[in-house]
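When a ligand or atom number is given, it counts from 1 through the structure's own listing order. Quick note: residue numbers are just sequence positions, from 1.
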Amino acid sequence: MSLINENFLELQESYLFSTVAKKVAKFAEEHPDKKIIKLGIGDVTRPIAKACIEAMHKAVDELGTEEGFRGYGPEQGYDFLRNAIVENDYKARGIDISSDEVFVSDGAKCDCGNIVDIFAKDNVVAITDPVYPVYLDTNVMAGRSGKFNKEKQVYENIVYLPVTAQNNFEPELPKQKVDLIYLCFPNNPTGTVLTKEQLKKWVDYAKENNSIILYDAAYEAFITEKNIPHSIYEVEGAKDVAIEFKSYSKTAGFTGVRCAYLVIPKTVKGYTKTGEKIELNKLWNRRTCTKFNGVSYIVQRAAEATYSKEGKKEIKANIEYYLENAKIIREGLIKAGYEVYGGVNSPYIWLKVPGNMTSWEFFDKLLAEKNIVGTPGSGFGPHGEGYFRLTAFGTRENSIEAIKRI
Ligand code: MLT
């Protein structure tokens, strides 16, 4: 008899964005005449930068030649990309990371999900609430969550750190000791940020408690304000306690191309039950070599091109385009009387649902009456109830049209 991983039975309904997609598909089928504007899932709409397209074409041609053919690449990523990451994303910010601390992958979602493999089941996990559902669900799958409490809408072994307007979207340090802490800034879904000083409290907490911070910096390119760290390693001491996730999805438009990376400094250590310190970099490297054969050469050349002069210029223009959408949506909503957060250092706009409606009721109303799709806040956790997320990743035309309709 094949026994299943029963942790999967603890997961709640379907994955948030699949539920949203199903509801929208049903509405579209029933109302074929309606022009639906999708500002739900954070998927990009701008074409991929020319510099990246050219790099991919060139790589394809190379693979068709005797001298340019490549089979399996290094599991951790080609040196040309790992070095470019170190130079541009770290050295340029005064951060000392070496290329063997960088692991290239096919997406930050996969990295955030897979990283749980190297940690013991008994770790206490803390997540901010609301949160990107991948952090929670992958820990449920790994058996770290305990049972789901239907009434409170929380798992019994997970520590939830509310981020709401009441605390200005700054999570409080946990009262109890936690081992793994997921932080994402600029935040998905709230679009809010932490300053270096605010982030330092977390690094200090992690150092005092021998915890690890899993820092998702997928949206750092959207930061516009000063004193907001682009990498957790800008914070003193973070290289001892933090793993950082970065993605080319939202910056270079690689949601379909797939490329990301994570950084595990060799100074980040975990513990055995007997208290022996172990480099997490070694464990992740071992896992990577066993379970992954690397990102395709073509895609890695495209990622490398994001750091070229042309690539940087084109990507900056795309990010500015989305930030302008964010401004249009944010200011439009404020003008329409909504309470609005995010959208300044982030492509996400987080709004308070009007009246006493739940997030899902507002979702249904917006879809039915204005034919606009967003993401209900409660889908990101119990403290997301009463909020709603819109993304700035749509086209300019749709962003303007959505605000007109609202
Ligand atoms: C989101 O909408 O939150 C993101 O698109 C999800 C993701 O990046 O996987």
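- Salt bridge K316/E320: present, at least one basic N to carboxylate O contact under 4.0 Å.
- Aromatic ring pairs are classed by plane angle as parallel below 30°, tilted from 30° to 60° and perpendicular above 60°; the pair F80 and Y297 is perpendicular.
- Within the structure, salt bridge (Lys or Arg N to Asp or Glu O under 4.0 Å) pairs that include any residue of residues 145-158 comprise E10-K147 (at least two apart or interchain).
- D137 is linked by a salt bridge (charged side-chain N to carboxylate O under 4.0 Å, His left out) to nothing, counting only residues two or more places apart in sequence or in another chain.
- Looking at E401 and R405, a side-chain N of the basic residue comes within less than 4.0 Å of a carboxylate O on the acidic one, giving a salt bridge.
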What pairs of donor and acceptor atoms, side-chain ones from residues 36-50 against any protein atom, are under 3.5 angstrom apart with sequence neighbours left out?
from : atom 1 : to   : atom 2 : distance (Å)
D43  : OD1    : T255 : OG1    : 2.6
T45  : OG1    : F393 : O      : 2.7
T45  : OG1    : G394 : O      : 3.2
R46  : NE     : N318 : OD1    : 3.4

Could you list each N/O atom of ligand 1 together with any protein N/O atom closer than 3.5 Å, one pair per line with the distance?
from     : atom 1 : to   : atom 2 : distance (Å)
ligand 1 : 2 (O)  : G42  : N      : 2.6
ligand 1 : 2 (O)  : R389 : NH2    : 2.7
ligand 1 : 3 (O)  : N188 : ND2    : 2.9
ligand 1 : 3 (O)  : R389 : NH1    : 2.9
ligand 1 : 5 (O)  : G42  : N      : 3.3
ligand 1 : 5 (O)  : G42  : O      : 3.4
ligand 1 : 5 (O)  : K250 : NZ     : 3.0
ligand 1 : 8 (O)  : K250 : NZ     : 2.9
ligand 1 : 9 (O)  : Y132 : OH     : 2.6

